[in-house]
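A short write-up of the structure that comes next.
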Amino acid sequence: MEVTQVLLNAQSIDGAVRKNAEESLKQFQEQNLPGFLLVLSGELVNEEKPVETRKLAGLILKNALDAKDQQRKVELVQRWLLLDGNAKSQIKAGLLKTLTSPVSDARSTASQVIAKVAGIELPHKQWPELIGSLLSNVHQLPAHAKQATLETLGYLCEEVSPDVVDQDQVNKILTAVVQGMSSSEVNIDVRLAATRALYNALGFAQANFSNDMERDYLMRVVCEATQSPDVRIRQAAFECLVSISSTYYEKLAPYIQDIFNITAKAVREDEEPVALQAVEFWSSICDEEIDILEEYGGDFTGDSNIPCFYFIKQAIPALVPMLLETLLKQEEDQDQDEGAWNIAMAGGTCLGLVARTVGDDIVPLVVPFIEENITKPDWRQREAATYAFGSILEGPSPEKLIPLVNVALTFMLTALTKDPNSHVKDTTAWTLGRIFEFLHGSAVDTPIITQANCQQIITVLLQSMKDTPNVAEKACGALYFLAQGYEEVGPSSPLTPFFQEIVQSLLTVTHREDARESRLRTAAYETLNEVVRCSTEETAPLVLQLVPVITMELHNTLEGQKLSSDEKEKQSELQGLLCGCLQVIIQKLGSSESTKYAFMQYADQIMGLFLKVFACRSATVHEEAMLAIGALAYATGPDFAKYMPEFYKYLEMGLQNFEEYQVCAVTVGVVGDICRALEEKIVPYCDGIMTQLLKNLSSNQLHRSVKPPMFSCFGDIALAVGEYFEKYLMWAMSALQSAAELSTHTAGDDELIEYINTLRNGILEAYSGIFQGFKNSPKTQLLIPYAPHILQFLDGIYMEKDMDDVVMKTAIGVLGDLADTLGSHAASLIQQSVSSKDFLNECLSSEDLMIKESAEWAKLAITRAISV
Amino acid sequence: MAPHDLRRPFKRAAISDQQKRRDLSLLRQAQNRRDAQQQARCLASSILSLQSSAPESEPEQSDIEIETEHDSEDLSKDLDVRRVSKLRGPEVRKWFARQLMLPEWMIDVPDRLSQDWYVLARPAGKRCFVVSSNGTTVSRQRNGSILHYFPSALPAGAKTRDGSGSAQSYCILDCIFHESDQTYYVIDMVCWNGYSLYDCTAEFRFYWLNSKLEESGACNVPSHYHKFRFSAVPVYNCDQTGLYAAYSGAVPYVKDGLLFYNKHAHYQSGNTPLVLVWKDENCSQYVIDTDGKGEIPSQQQVVLELQDDGKLVTSDDPPVLFCCLDGDIIEKSGLQSGNLLRFAIGDGGLSFVDGKLENADLIYLGKSNRARAFADSYSKVIFQFMVRHSPLKIDDLLASINSPDDQEKIPSDIEMVG
């Protein structure tokens with residue numbers, strides 16, 4: 001095969017030629033993989049070949065080493081590791097040689113492929129000479145090869161994890177990179193490549209950042225690079241600073257003053273891409289300090305790893321004025337451009353983070369700016385003042401803010417209706433939303449919304465919903481938080497007199513021609529949802545009246561036929577909003593007996609529509625419809641059985657949806673709802689459901705977050721069907737047992753520990769359900785063989801001392817369920833377990849009422865079991 | 001290597017409403033699961049505490065025989081029914097299945113029928129317990145499963161705005177749900193408005209039923225706060241007129257036989273000879289038992305429970321022995337103690353000695369439908385056997401009332417002792 005020609009053909013504009021070429025490449029690969037990869041690397045290294053075929057050859061090589069899909073990626077890695085050693089050596093040699101090519105595209109492609117190979121081989125201790133030979137290149141080669149080598153080091157650091165590279169090699173990499181960045185390097189491209197490489201290599205520099213001299217040197221080089229004449233280098237250098245701010249926060253103290261000066265200059269004078277990175281540095285420092293302060297409640301007792309250095313608190317006298325200046329640099333029409341991101345937006349966002357970090361201290365620094373600008377004729381000043389106000393509403397105390405808000409509220413309401421500038425109105429509506437979000441609700445002592453101004457506020461917001469889509473969207477948002485503030489208001493809500501009008505206005509918004517702009521329609525439905533969620537019994541009849549209205553809307557989406565893919569997407573989005581709204585309504589009306597029965601008259605019709613929504617798609621189920629069905633099943637109870645014959649196939653489809661794991665997770669939750677609704681009437685569907693659940697659990701393709709709820713679901717099924725669960729007992733127990741073994745010990749970061757606890761909770765809920773389900777059946781003895789393992793699991797997680805309160809409660813409950821169901825059969829086993837003594841005592845004296853309650857149950861059941 | 005994107009959310013709430021909907025759903029589901037677990041345990045706790053007061057009860061065979069412990073039990077029985085009525089789970093179903101008073105089949109005519117007994121035409125439908133409390137009403141079928149969960153005009157049966165659902169008031173009614181007119185026909189009253197009628201005679205219970213049900217508004221047409229209509233069933237003294245009226249009088253429902261209540265009997269859970277059922281083709285569509293397909297099998301079928309020692313018994317207390325299964329057979333067929341098994345009665349039929357069952361020609365058919373909670377009672381098997389061979393007729397009943405000395409009328413070819 002003449003590979004060059006085939007590669008050229010594969011890029012032909014003639015579809016048939018292209019297809020043919022792709023087919024022969026595929027055949028070649030299938031017949032002789034090592035040969036195929038060798039030929040590709042030969043093409044890439046060959047200076048006589050056209051640049052397009054060299055690039056494509058490199059790209060195909062890269063794709064033979066890595067894939068987005070996790071499963072496929074694992075396969076490719078295995079395939080490469082098993083490939084003939086000679087072929088691999090030749091390929092790698094070719095790749096390294098390509099780094100010295102005069103053709104920039106060939107070099108760059110080779111860099112990426114080398115990093116992919118390194119990503120596979122270095123963790124297996126293969127290709128040990130790679131880093132050495134790259135580094136030796138750096139010192140000798142012409143500038144273009146040096147640039148490619150540094151770029152390769154950068155990709156390599158991105159690809160492999162720091163623990164597979166020796167500190168000695170890390171040192172050498174950093175030395176080479178820093179040399180490439182330094183002023184002694186005359187070639188700009190080399191310096192840029194080195195600066196970008198450093199960004200990726202920072203994660204490898206833990207030891208170096210702990211060494212004062214090395215750290216000083218690294219920081220100096222980075223700061224110098226921020227002053228480079230080349231804008232790309234300056235930008236890359238600031239990116240390094242941003243990364244350092246989060247990775248090495250605790251090492252920054254000696255440099256923070258210099259960094260402030262550098263960033264302030266960049267924010268005021270440099271080009272926007274650089275200025276944005278400079279602002280981001282401070283946002284990132286805020287993120288760090290907010291995390292630290294949240295975790296330790298501001299009360300630093302010395303037992304944390306990272307203390308708070310209060311960089312922001314110290315910087316605000318200069319930092320806040322700098323950020324306020326940026327607010328005046330708005331772009332025209334940025335409020336209507338959803339993709340916009342500019343210095344004014346970044347500055348305002350950072351100001352908001354600063355407010356969250358320092359609280360009250362920011363208020364006196366911002367108020368003069370607001371007062372000075374809010375009435376100016378230039379819209380930029382009015383908008384900047386409003387935005388500054390909106391930004392500082394989260395963080396400072398209500399005592400500090402409420403007096404300001406009380407003064408500003410009337411002004412804001414006027415601005416929202418009368419300001420001639422749409423951008424100002426947009427920000428004003430957003431600011432009102434922030435006021436309601438943070439300063440209105442049962443948690444705030446002095447209400448800012450009173451009988452005197454409530455009517456006016458609502459009138460203005462409803463009026464603004466007729467404004468341009470972006471303003472209307474913010475008005476909906478403000479109403480959302482206004483409603484939310486009345487969530488726990490009691491039997492009578494101040495919104496009751498306006499309920500009908502609010503709902504009507506929101507429905508009108510959803511029908512606007514331009515409702516798809518600025519996500520206006522979504523915002524309107526979301527607000528409607530919140531208004532319903534926060535409604536009281538007084539307005540229940542009005543919520544009920546909403547049912548046929550939304551149902552009709554959903555019905556209308558099913559009218560169209562032969563839709564284009566774009567129309568289909570719109571249809572699906574709208575169906576999602578309507579199903580979401582129905583879900584909220586069902587949940588609301590279903591939560592009280594009297595409204596539930598009134599609602600039930602619509603149940604058949606609604607379920608019919610949900611099924612039709614499912615039928616609109618061929619392969620996937622609609623997540624929102626699934627969620628809504630869960631709520632419907634809960635409200636309907638045993639009568640839901642009549643929908644099962646038709647609904648079942650979609651339930652199965654949802655459980656099979658690995659790609660959209662959220663859909664799968666939601667469906668698993670719905671199975672639980674249906675179990676509780678149908679009880680033993682779910683039996684005919686159990687074979688299918690259990691098969692699918694067991695299949696999912698054994699798959700490594702499914703997102704791990706879905707597995708714990710699947711175990712809980714075993715418990716739901718067992719509790720519903722009782723001893724009929726016998727059929728699945730062996731399989732379920734074996735899946736539970738292996739998961740239990742894995743989850744006894746935790747080792748890893750907080751995120752993993754949190755996951756392990758979720759998993760434990762799922763497993764324990766399954767055991768509880770199974771024990772309770774089998775209780776008093778003649779088949780109870782089938783559970784006896786599993787008791788030792790379950791008690792061992794309880795003892796194991798107790799001894800690990802890292803379970804959270806939820807797991808503790810579930811675990812001690814399982815002990816009770818085991819004792820209750822197995823009784824005297826398990827008496828001696830129970831008495832031997834640690835759980836029945838130390839763990840139980842610990843739970844009995846817990847301050848958590850739920851834990852205590854479960855423990856008392858366990859104690860009663862154990863006493864009973866061992867007394868017989 | 002391209003510059004990295006540093007865009008942050010702008011003028012956006014931190015959490016989307018969709019995520020909020022998901023989270024709230026998960027929260028509700030977790031809450032419901034906790035409730036379900038909690039209820040299962042709460043029931044167990046209350047039953048455990050009841051059991052521990054009883055002298056001998058083995059937890060592993062605790063089929064919750066609360067009804068066997070008299071006197072002290074009766075005080076708390078209505079409380080338990082009320083507490084448990086809204087709970088879910090297999091154990092609850094089992095418990096409930098044992099709470100209804102179950103008539104024996106009339107295989108001979110009792111003494112003093114016209115003096116001591118009432119008669120009523122039994123509506124065809126689903127027998128259930130209806131419990132109203134705390135603003136809701138729940139109906140439970142004979143196998144314990146929930147039939148409806150609804151608001152009703154019974155005291156404490158709905159959350160109405162006048163707040164009538166007070167905590168102390170509740171009702172427990174013994175009903176038959178008649179599908180075609182969606183009506184609950186009340187055939188007995190166990191508790192009314194917080195007042196327990198367990199220990200009252202049938203005479204008093206029926207008097208109370210007829211005077212209270214109507215005035216509660218429960219017999220009104222359905223509305224928002226009253227989903228199903230309730231109706232009392234006409235009860236007659238079992239004299240000739242009464243019996244004839246029950247047998248052939250017009251009623252708004254489909255009849256399924258006649259029920260006879262002994263006037264002096266208290267409400268008692270489980271099978272009792274103080275309530276009897278009788279039927280023939282004129283007053284019931286289902287005189288001879290049908291199989292799963294609704295057809296009358298050529299041979300009579302019976303469901304019996306397999307005990308530990310291989311004995312096959314009826315659901316009576318104490319159980320009546322029909323025959324014994326070989327240990328070998330049990331092992332091979334994978335049957336377990338407690339299984340309900342279906343048999344046909346072969347040509348050898350049933351034979352009796354001194355009024356006691358001596359021999360039964362049983363042919364094994366298989367395990368029974370899992371919806372079954374109990375084996376057949378002895379009286380049912382015999383009634384069905386008689387229906388196929390020599391039925392007790394309405395004339396026999398009428399004749400027994402006519403005869404001055406109320407002599408027992410015994411079907412000629414089978415010797416019986418009740």
Side-chain angles (χ1 to χ4, degrees), chain A residues 151 154 196 235-236 239 242 273 276-277 280 283 341 345 349 430 474 477 526 529-530 580 583-584 587 592-594 597-598 627 630-631 634 637-638 666 669 672-673 676 679-680 712 716 719 722-724 765 768 772-773 775-780 813 816 820 823-825 857 860 864-865 868, chain B residues 1 3-4 6-11 13 16-18 20-22 24-26 28-30 32-34 36-38 40-41 44-45 48-49 51-52 58-64 88-91 93-94 135-136 145-151 158-160 224-225 227 336-339 370-371:
Chain A
E151 201 174 304
R196 287 180 176 167
Q235 186 182 355
E239 282 186 48
V242 170
L276 286 172
Q277 293 292 347
E280 178 62 19
S283 292
W341 184 249
M345 298 163 91
T349 305
W430 171 76
K474 303 295 186 305
E526 290 183 344
N529 292 346
E530 191 66 8
Q583 183 218 340
V584 171
Q587 200 145 321
S592 127
E593 294 297 334
S594 54
Y597 299 114
L627 270 174
Y634 168 63
V666 161
D673 280 327
R676 285 180 288 273
E679 298 204 311
E680 76 283 7
S712 308
D716 297 337
L719 195 57
E723 65 185 42
Y724 183 77
E765 285 185 330
S768 264
Q772 289 295 343
K775 192 159 58 175
N776 291 321
S777 99
K779 293 181 181 155
T780 303
D820 180 36
S824 58
H825 295 295
W857 150 250
L860 174 75
R864 172 96 196 137
V868 177
Chain B
M1 281 176 279
H4 299 82
L6 42 71
R7 207 171 297 239
R8 283 170 181 263
F10 180 69
K11 290 187 181 175
S16 75
D17 194 74
Q18 182 181 34
K20 185 168 182 170
R21 282 198 297 281
R22 277 191 202 124
L24 287 174
S25 270
L26 286 175
R28 176 182 56 71
Q29 285 161 350
N32 293 348
R33 177 177 298 127
R34 264 205 301 279
Q37 283 287 353
Q38 197 52 39
R41 289 174 189 164
S45 310
L48 277 178
S49 52
Q51 280 175 335
S52 49
E58 296 284 323
E60 56 273 22
Q61 58 182 55
S62 57
D63 244 342
I64 319 153
R88 299 272 179 102
E91 198 189 6
R93 290 197 292 278
K94 246 177 225 167
T136 49
S145 68
I146 292 181
L147 177 62
H148 296 125
Y149 207 94
F150 60 107
K159 283 199 178 68
T160 50
H224 255 173
Y225 293 102
K227 195 167 175 206
Q336 285 171 335
S337 148
N339 281 160
R370 26 165 271 113

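Convention: sequence-line order gives letters A, B, ...; per-chain numbering from 1.
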Closer than 4.0 angstrom, basic N to acidic O: yes or no for B/Lys20 and A/Glu526? no
What residue in A/Gly816, A/Ser712, A/Pro273, A/Ser592 has the most heavy-atom pairs under 4.5 Å with chain B? A/Ser712
Under the side-chain contact (heavy atoms from CB on, under 4.5 Å) test, residues paired with B/Gln29 that sit two or more places apart: A/Asp673, A/Arg676, B/Leu26
Does any backbone or side-chain atom of [X] lie under 4.5 Å from a heavy atom of chain B? Answer side chain, backbone, both or neither.
| X | value |
| --- | --- |
| A/Glu530 | side chain |
| A/Trp341 | both |
| A/Ala598 | both |
| A/Ser768 | both |

Chain A contacts, top residue of B/His148, B/Gln18, B/Arg22 (heavy-atom pairs, under 4.5 Å): B/Arg22
Looking at B/Leu24 and A/Gln587, what are the two nearest heavy atoms and their distance? O-NE2, 3.8 Å
Correct closest heavy-atom pair for A/Leu627 and B/Ser25 would be CD2-OG, 3.3 Å
Between B/Ser145 and A/Glu679, does any side-chain donor sit less than 3.5 Å from a side-chain acceptor? no
To the nearest 0.5 Å, how far apart are CE in A/Met345 and NZ in B/Lys11? 7.5 Å
For B/Phe150, which residues count as a ring pair (Phe, Tyr, Trp, His ring centres under 6.0 Å) partner, sequence neighbours excluded? B/Tyr184, B/Phe228
